[in-house]
Structures are given as C-alpha cells and as structure tokens.
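Remarks on the structure that follows.
What's counted below: heavy atoms across the whole structure, side chains too, no hydrogens, waters or symmetry copies.
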Amino acid sequence: MGAVVGQRAKVGAATVLAGALLAGSGCDATTSGSAAPATTADAAAATEALWDPCTQISDDVLRQVRVDPATRDNTISGVANVEGWKLCSWHNKASRWDYTLGVWSTTYTVEELRKDANNVEFKDVSVTGRSGVQFRKAHDSHDSVCYLGFPFSNGTIEISVFNSAASDLGQDPCRTASAAADVLVAQLPK
C-alpha cells in the first residue's frame with residue numbers, strides 16, 4: 001500500500017509541476033501572445049544561456065534547505081530540455097517524501113507570470129533583501145503548491161514547494177518555500 005501511495009504522490013507532483021511549467025510558459029488557452037524569442041534558434045540560445053539550478057546549487061546548500069541531494073530531478077514528467085526553462089527539484093527524503101523543492105530558471109519575466117491567468121494570489125515579498133513575488137496556481141484547490149519568483153537578468157528564478165498528498169506534515173508550502181529561499185537567494189544570479 002505504501003508503494004502505491006508513494007507512486008500516486010509522485011505522479012501527482014509530476015502532474016502539478018508539469019502543469020505549472022506549461023502554465024508558466026504561456027501554453028494554455030487563456031494566454032495569448034508569446035514570450036518566447038522570435039525564432040527557434042533564438043529560443044534555444046536563450047534557454048541554453050539560463051542559469052542551471054541543478055549544477056549551481058551545491059549539495060551542502062541543499063542539505064541546509066532540508067532536501068536530499070540524491071533525489072535530484074531535472075525533468076518534468078520525464079521531459080527534459082523544455083524551451084525557456086531550466087529546472088531542478090529535490091524531495092525532502094528519498095522515500096515517502098513530504099514535499100518537493102523546485103528551483104526554476106526561466107526566460108519569462110515576473111510581469112509575464114503576473115499576466116498568466118493560471119497564476120493567482122500575487123504578493124510582493126522581500127527575502128534577505130531581494131525583492132520578488134509569491135504566488136499560487138489557480139487550479140491548486142488544496143493549497144499544496146507555492147511559488148516565489150525573483151527577477152534576474154535573463155528572466156525569473158522561481159522557488160517552488162509542492163506538498164505530497166501522502167504527507168503528514170500539514171505545513172503551508174509558502175512557509176517551506178520562504179524558509180528555503182532564506183538560504184537559496186544568496187545562490188541566485190541577479
């Protein structure tokens with residue numbers, strides 16, 4: 001039974017994060033226009049130039065934010081190399097995890113994220129002196145996911161927390177994301 005719950009939670013996390021990625025990239029029926037560069041070659045170059053959280057956040061820092069470095073994943077539902085995004089996620093423990101911490105680097109700006117109808121409940125935040133925004137996804141009826149977005153020279157860096165459906169912690173994902181951001185913000189490019 002535990003394996004089934006763990007698998008269900010893993011699939012749920014992948015679905016939520018994949019939805020977040022597609023929504024954040026403007027791939028929904030409610031968002032018009034395109035934030036992507038003019039050509040596929042430009043988009044590929046912009047994506048390649050993005051800061052890579054998987055290679056730039058050390059295992060020591062990951063342990064400080066209470067995730068297991070061995071659980072690193074740079075895909076969403078098994079898809080790597082999504083145009084306009086570089087991402088990495090980690091669970092707080094290898095099995096029966098309580099939450100997933102994601103760090104996303106995207107060419108999309110905070111202003112573009114605000115315009116996406118899938119992103120709601122924006123609040124301005126300041127974490128260790130760096131200004132950003134906190135927001136949630138409109139489809140998240142269980143308040144299980146929270147995002148913090150920080151502008152940087154190539155777009156936005158997001159820190160997200162997704163609570164597992166199997167978790168007994170009952171913690172607000174925004175509190176967990178803010179605690180992680182207190183450590184991670186110093187690692188983020190400007």
Side-chain angles (χ1 to χ4, degrees), residues 10 13-14 16-21 23-25 46-76 80-82 84-94 97-114 116 119 121-137 140 143-164 167 169-190:
K10 186 174 183 179
V16 168
L17 292 174
L21 179 62
S25 65
T47 300
E48 186 61 33
L50 284 171
W51 178 78
D52 187 349
C54 279
T55 61
Q56 298 301 309
I57 301 174
S58 73
D59 289 355
D60 288 340
V61 168
L62 293 171
R63 286 185 200 94
Q64 286 179 36
V65 296
R66 298 178 185 207
V67 293
D68 181 353
T71 63
R72 180 183 81 129
D73 186 4
N74 67 346
T75 68
I76 288 294
N81 303 320
V82 177
W85 296 87
K86 282 195 180 174
L87 53 116
C88 209
S89 64
W90 304 265
H91 300 308
N92 68 312
K93 52 190 175 182
W97 49 272
D98 300 303
Y99 63 89
T100 301
L101 171 73
V103 181
W104 314 63
S105 177
T106 180
T107 57
Y108 296 92
T109 66
V110 169
E111 291 75 28
E112 289 166 326
L113 295 173
R114 283 184 186 272
D116 186 333
N119 300 328
E121 298 179 27
F122 278 87
K123 290 189 223 177
D124 291 332
V125 296
S126 179
V127 177
T128 65
R130 185 156 178 185
S131 296
V133 294
Q134 174 184 300
F135 61 100
R136 294 184 180 264
K137 293 296 177 181
D140 180 20
D143 290 332
S144 60
V145 186
C146 184
Y147 296 84
L148 299 175
F150 300 94
F152 85 117
S153 61
N154 292 353
T156 304
I157 304 286
E158 291 181 13
I159 297 171
S160 65
V161 168
F162 168 75
N163 284 344
S164 163
S167 173
L169 290 180
Q171 289 184 321
D172 175 6
C174 289
R175 264 184 118 173
T176 307
S178 292
D182 284 341
V183 175
L184 291 171
V185 161
Q187 306 292 309
L188 306 180
K190 296 206 181 213

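- One finds the OG atom of Ser160 at 9.0 Å from the CG atom of Leu87 (value rounded to the nearest 0.5 Å).
- When all heavy atoms are compared, the tightest approach of His91 to Thr71 is N-OG1, 2.8 Å.
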Ile57 vs Trp51, side chain to side chain contact (heavy atoms under 4.5 Å, CB included): CA-CA, chis, key distance, verdict: CA-CA 10 Å; Ile57 301 174; Trp51 178 78; 3.9 Å; yes
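- Ion pair Asp124/Arg114 flagged as a salt bridge, since at least one NZ, NE, NH1 or NH2 atom sits closer than 4.0 Å to an Asp/Glu carboxylate oxygen.
- At distances below 3.5 Å, at least one donor-acceptor pair connects side-chain atoms of Thr106 with backbone N or O atoms of Gly84.
- Atom CH2 of residue Trp104 and atom CG of residue Leu50 lie 13.0 Å apart, to the nearest 0.5 angstrom.
- The side-chain hydrogen bond (donor to acceptor under 3.5 Å, both in side chains) test applied to Arg72 returns no partner, not counting sequence neighbours.
- Side-chain atoms of Asn92 come within 3.5 Å of backbone N or O of Tyr99 as a donor-acceptor pair.
- Contact between Val127 and Asp182 at its shortest, heavy atoms only, is CG1-OD1, 3.5 Å.
- Among all heavy-atom pairs drawn from Asp52 and Cys54, the shortest one is OD1-N, 3.0 Å.
- Side-chain atoms of Asp140 come within 3.5 Å of backbone N or O of Val145 as a donor-acceptor pair.
- Asn154 approaches Ala49 most closely through the heavy-atom pair ND2-O, 3.5 Å.
- Residues Pro151 and Arg130 share a closest heavy-atom pair of O-NH2, 2.8 Å.
- Residue Phe150 forms a side chain to side chain contact (heavy atoms under 4.5 Å, CB included) with just one option from Thr156, Leu188, Val110, and that option is Leu188.
- Side chains of Phe135 and Glu158 form a contact here, defined as non-hydrogen atoms less than 4.5 Å apart.
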Stepwise side chain to side chain contact (heavy atoms under 4.5 Å, CB included) test for Asp143 and Asp172: CA-CA 8 Å; Asp143 290 332; Asp172 175 6; over 6 Å; no
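- Relative orientation of the Phe162 and Trp97 rings is tilted, given thresholds of 30° and 60° on the angle between their planes.
- Here the SG atom belonging to Cys88 is positioned 11.0 Å from the CD atom belonging to Gln56, to the nearest 0.5 angstrom.
- Nearest heavy atoms, Arg136 versus Ser144: NH1-N, 4.5 Å.
- For the atom pair Lys123 NZ and Cys174 SG, the distance stands at 6.5 Å (nearest 0.5 Å).
- Shown are Asp73, Val103, Leu101, Asn74; of these, the side chain to side chain contact (heavy atoms under 4.5 Å, CB included) with Ser89 is made only by Asp73.
- Checking side-chain atoms of Lys86 against main-chain N and O of Glu48 turns up a donor-acceptor pair under 3.5 Å.
- Put simply, the side chain of Glu112 gets close to the backbone of Thr109: a donor and an acceptor are under 3.5 Å apart.
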